[in-house]
Each structure stands twice: as structure tokens, then as C-alpha cells.
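What follows is a short report on a single structure.
Positions are given from 1, in the same order as the sequence printed here.
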Amino acid sequence: MAEEITVDTTSAAYDEMTHVWDMTNALLGGTRIMRQAGEKYLPRFAAEDKVNYQSRVKRSFLTNYFKRALRHLAAKPFGVEATVEDLPSQLEPLMFDADMTGNSFHVFAHRVFSQGLAKGMSHILVDYPDAPAEGETLADERLANRRPYLVNISPENLIAAHAEIIDGREILTHVRIRENETVRVGFGETVIQRVRVLEPGTWEIWELGKENRKEEWTVVGSGTTSLDFIPLVTFYAGRLDFMLADPPLYDLGFLNVAHWQSASDQRNILTVARFPMLAATGVDTQSVDSPTNSPEIKIGPFQVLRAQNSEARFYFVEHAGEAVLSGRQDLEDLREQMAILSAESMLRTRTGNVTATQRAIDKAEADSMLEQFVIDLEDTLDNALRYANAWLGNPLTDDAGSTKLSRDFSRTAATEADVRDLIKLRMAGELSRDTLFREMIRRGVLAEDFDLENEFEKADAEESALPELTGVSVSF
């Protein structure tokens, strides 16, 4: 029998993306969520009983390279406060409270960017508290604090979306958003399941309730808007098609799951290897000399093993260790692969004979992808501002500001080799003193508020006061 189609039925694109979000959410949830996922990401061996499996799960720990990489990447464009040029004065409150919950535009943009990098997309719904009453003035609206605001919709909650190509542009025609709410009922809680349906100029709120002892969806609210479009914009990171994406860290996620599995095996085999097994030959357990004449051999610091057979022998069987070393190598190999997939090899400091040219190439490749995502986010936020401006009665074609995010992704800790190379260039006369210090600031060796001019004056004064030094050389 075909499944009944209701307002909470998910779209085909949504169903295709759920496996991405399931793994991403499990990794972002850390060790606790990965343990709860059980066999989904940590398969049980064919001959492993449930008790032993649960013991292995409880010993497993996630080294969260995925979350670390995500935080590192998502923070790069937000080292400097996000700004909006030519922002209409009516939209200025968005800079201080973008979502009506106290989050600034900068914080809100960072959340959207991080979610998009992790899951391939993130949505922004530009909403308005409620329609102004008839005859209400702009002053009345401001007094009531009614203004447009931004809502971050996670991809898991936008359960369906449809669009048409009109005049070469992708125009949303239908959107359904899951909006479940947890409410207090006496001393307990209950979850109210709702779905918001948006179409150009209209909205509906559906709620799941019981009707004649059967759960049914019914409309509990509806209305019209002053807009002739759906005020929702989507930020994509790795777009494949409409509502489909290949997140840039997806492969890293798979490797992190593989690392979780290998680390679980490694910890399990260490448990086995650390406890040698007592073995005995020529011993009849029924004839073991013990006070109780028990058929079991007791082992402990205050126990004595006796056997009536003079040929009997007791000994421990210990793990040879080859599997432990192989497991350790597998973890190192996975870690290396994850470092390669993470921008700028940020999971470890690169060592060995790596040339400055190679470092520059690696970094340029990483930054080019990240910079494109930043440009896409700026466009997404600009569209959101245009939609907010339209809520105020202005034409959608009006410019509502231009978002500016940082694209200086070089503010990372300098390696020892970086500093050494810069000093060598300075000593060879290929680099000015001013450029040397500015590069040191850019790489975080010196503080951002380091006063170059003042420092140069002090250095010159000290140099003129010192006697001339001869026979001094500096080598590296």
C-alpha cells in the first residue's frame, strides 16, 4: 500500500540529502551521539554478542577531526567584523539584532556559513512579525518593534521546496518548513508538530492533531503577505542542483567515521593485549588441589595453583603485538588523509622538506575554494537584505546594501620555517624591514595593534646609542 502523502511528506531532493545530514549531525554531536548511533557507524562483528559489543562501544572515543576542521574553516572569514556598505537606515537594526533573539548580523552570518560548509546548504527566511494594522503608521510599527528579521532554517527542517525558471531566474513557488515546538504541559512536556507552507503572497500553518482517534494534519492559521515572492534564500556550499549539494567536508566526514571505527578496534585489541590469558597443560580441573575442591582455577595474588600431575604446567599466553602496531599505523594513515582533505593541513603542522613554493600552492588551492564560498555567502546575505527591504514596502529591485566579509585567510600561526625564511630574505636584502614586520603581523607572530612607526623609532634610537659591533654574524 502506497504511503499517504500529507503536508509533512518530504521531497525527493530532501530524501537524497538525509544521509549527508545524518552523518554530519552524528559527527558534530561527538562521542556521545556516535555511541548512540551504535551499529549505524560502528558495525558489530558477526560473532560478537550484544554484551561484548556494548562494552566495545562504551570504550570507543571519537577524535573529532571533522568538527575541528569545520570550526577552523568557518572562522576564517569572520576574524574581522562583517559589515554592510550602503545599508538603508531602516535596516540598521539588523546589524545589532538580526534574528530578534539578540544575535548580531556578524554572528548570524557565521552560523549560516558554518552550517552550509557542514551540510552543503543553509537557508535564510526573511520574516516579519505580523502584518501592520489598517491605518498604522511607520512610527507605530517602530514603537511596537515590528520590523523584518532573519531566521536561519536548517536544511533538515526545510522538508520540501519547488522552483521554476522564470526569465532565466530560479524562482521559488512552494516551500514547506517543519516547525516543531516543545511546550510545557503541567510538570511535563509535549511536542507540537507543525509545518509552515509558503507560496508567493500566502502562508499556512498546519498542525498534527487527533481527529476521531486518528492523527490528521489540519490548517490552524493562514494569511496573505505584501510580497509576491517567497522570502527565502539558500546559501550553497558545493551545489549540485536545486536543493542538492556535495558538502566540501563530506569526504572528511567519511574518513572521520573510518577513524572512529579503527580507533574502536584499536582500543578493543589493546584491552585484549593488556590482559594475558592463563593457560594450563596436563591439569585436570576436577583434581586441582584447592580448599574447596572447586573445579575452577582461581587466579590472584593470594592464590596458589596446585596440580596432582607432576607434568602439569601453568603459563600465560600474551598477545604478540603485530595487530596492535598495524592498527596504530592505520590510524596514522587515516589521520594523514584527513589532514590532506582539511584546508592548509590544519590538523597538524607540516614537517619535513616542504618548500615555500609548495606551501603557497597548497594554501592557494584551499583559499580559492573558501573564497568562492565567501562570495556566495555575501550574495546570499545581500538577497536577504533586499527581501527585508521589500517587507518595508520598497521595490525588490532596490539596492539594500552590500555585505563585506574578510577574505584574508592568512591569519594563521606561522611555522618556524616561515619565520626563518622571512628573516633570511631580510638579511639578504630582498625584503624591506617594513615588509618583514607586516608579514610577521599578518602571520600572528606580532600583535595586530603592533605600532610599526613607533617601534622603528625606538630601534633606530637604540642602534645609534650602541657602540659599533664588529665580528658579529648570524647563521641559520
Could you pull out the closest heavy-atom pair between [X] and [Y], with the gap in Å?
X: Glu204; Y: Ser222; result: CG-CB, 3.9 Å
X: Pro88; Y: Ala400; result: CD-O, 3.3 Å
X: Gly401; Y: Asp382; result: O-OD1, 3.6 Å
X: Ala118; Y: Pro247; result: O-CB, 3.8 Å
X: Gly253; Y: Met23; result: C-CE, 3.9 Å
X: Leu94; Y: Ala388; result: CD1-CB, 4.1 Å

Okay, side chain of [X], backbone of [Y]: is any donor-acceptor separation there less than 3.5 Å?
X: Asn256; Y: Phe66; answer: yes
X: Asn103; Y: Phe108; answer: no
X: Ser262; Y: His259; answer: no
X: Thr224; Y: Thr202; answer: no
X: Asn394; Y: Asn389; answer: yes
X: Asn64; Y: Lys67; answer: yes
X: Thr380; Y: Asp376; answer: yes
X: Arg35; Y: Ser60; answer: yes
X: His106; Y: Ala82; answer: yes
X: Gln261; Y: Tyr41; answer: yes

Just one of Leu198, Val233, Ile230 clears the side chain to side chain contact (heavy atoms under 4.5 Å, CB included) bar with Leu172, so which one?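 Filter result, single survivor: Ile230.
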
The single option from Leu252, Leu27, Thr24, Leu249 passing side chain to side chain contact (heavy atoms under 4.5 Å, CB included) against Leu70: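 The passing option is Leu249.
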
Counterpart residues, ring pair (Phe, Tyr, Trp, His ring centres under 6.0 Å), relative to [X] (two or more places apart):
X: Tyr53; result: none
X: Tyr387; result: Phe229
X: Trp21; result: Tyr14

I'd like to know if [X] pairs up with [Y] as an ion pair, taking the criterion as any Lys NZ or Arg NE/NH1/NH2 lying under 4.0 Å from an Asp or Glu carboxylate oxygen.
X: Arg196; Y: Glu181; answer: no
X: Arg176; Y: Asp8; answer: no
X: Arg194; Y: Glu179; answer: no
X: Lys119; Y: Glu156; answer: yes
X: Arg147; Y: Asp127; answer: no
X: Arg44; Y: Glu39; answer: yes

Should Thr63 and Arg68 be marked as a side chain to side chain contact (heavy atoms under 4.5 Å, CB included) after you check the CA-CA gap, both sets of side-chain angles, and the distance that decides it? CA-CA 9 Å; Thr63 305; Arg68 190 186 307 176; 4.3 Å; yes

Ser122 and Gln115: side chain to side chain donor-acceptor pair (under 3.5 Å), yes or no, with the steps? CA-CA 6 Å; Ser122 182; Gln115 189 176 82; 2.6 Å; yes

After noting the C-alpha distance and the side-chain angles of Asn152 and Asp99, does the key distance pass the side chain to side chain contact (heavy atoms under 4.5 Å, CB included) rule? CA-CA 8 Å; Asn152 179 213; Asp99 55 5; over 6 Å; no

How long is the span from the [atom1] atom in [X] to the [atom2] atom in [Y], to the nearest 0.5 Å?
X: His123; Y: Phe235; atom1: NE2; atom2: CZ; result: 12.0 Å
X: Phe373; Y: Ile375; atom1: CZ; atom2: CD1; result: 11.0 Å
X: Ser104; Y: His110; atom1: OG; atom2: NE2; result: 11.0 Å
X: Phe61; Y: Met34; atom1: CZ; atom2: CE; result: 12.0 Å
X: Asn25; Y: Thr18; atom1: CG; atom2: OG1; result: 11.0 Å
X: Ile153; Y: Ile177; atom1: CD1; atom2: CD1; result: 4.5 Å

Salt bridge (charged side-chain N to carboxylate O under 4.0 Å, His left out) assessment of Lys40 paired with Asp22: CA-CA 10 Å; Lys40 185 170 186 178; Asp22 286 347; 3.4 Å; yes

Answer yes or no: are there more than 12 heavy-atom neighbours, outside Ile5 itself, under 6.0 Å from its atom CD1?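 No, not enclosed.
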
Exceeds 12 heavy-atom contacts within 6.0 angstrom, atom CD of Glu16: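 No.
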
Run the side chain to side chain donor-acceptor pair (under 3.5 Å) test on Asn157 and Ser154 for me, step by step, so that the C-alpha distance in whole Å, both residues' side-chain angles and the decisive distance to 0.1 Å come before the verdict. CA-CA 5 Å; Asn157 285 333; Ser154 69; 3.2 Å; yes

Are [X] and [Y] close enough that some pair of their side-chain heavy atoms sits under 4.5 Å apart?
X: Glu378; Y: Val374; value: yes
X: Arg184; Y: Phe187; value: no
X: Asn180; Y: Ile192; value: no
X: Leu232; Y: Leu158; value: yes
X: Leu422; Y: Leu431; value: yes
X: Gln193; Y: Glu207; value: no
X: Leu381; Y: Asp379; value: no
X: Thr234; Y: Tyr236; value: yes

Can you list the steps and then say if Met95 with Leu87 is a side chain to side chain contact (heavy atoms under 4.5 Å, CB included)? CA-CA 10 Å; Met95 296 298 100; Leu87 181 71; 3.6 Å; yes

Stepwise, does the side chain to side chain contact (heavy atoms under 4.5 Å, CB included) test hold for Lys404 with Val84? CA-CA 6 Å; Lys404 299 299 179 184; Val84 180; over 6 Å; no

Classify the ring geometry between His162 and His174 as parallel (under 30°), tilted (30 to 60°) or perpendicular (over 60°).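 His162 vs His174 ring planes: tilted.
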
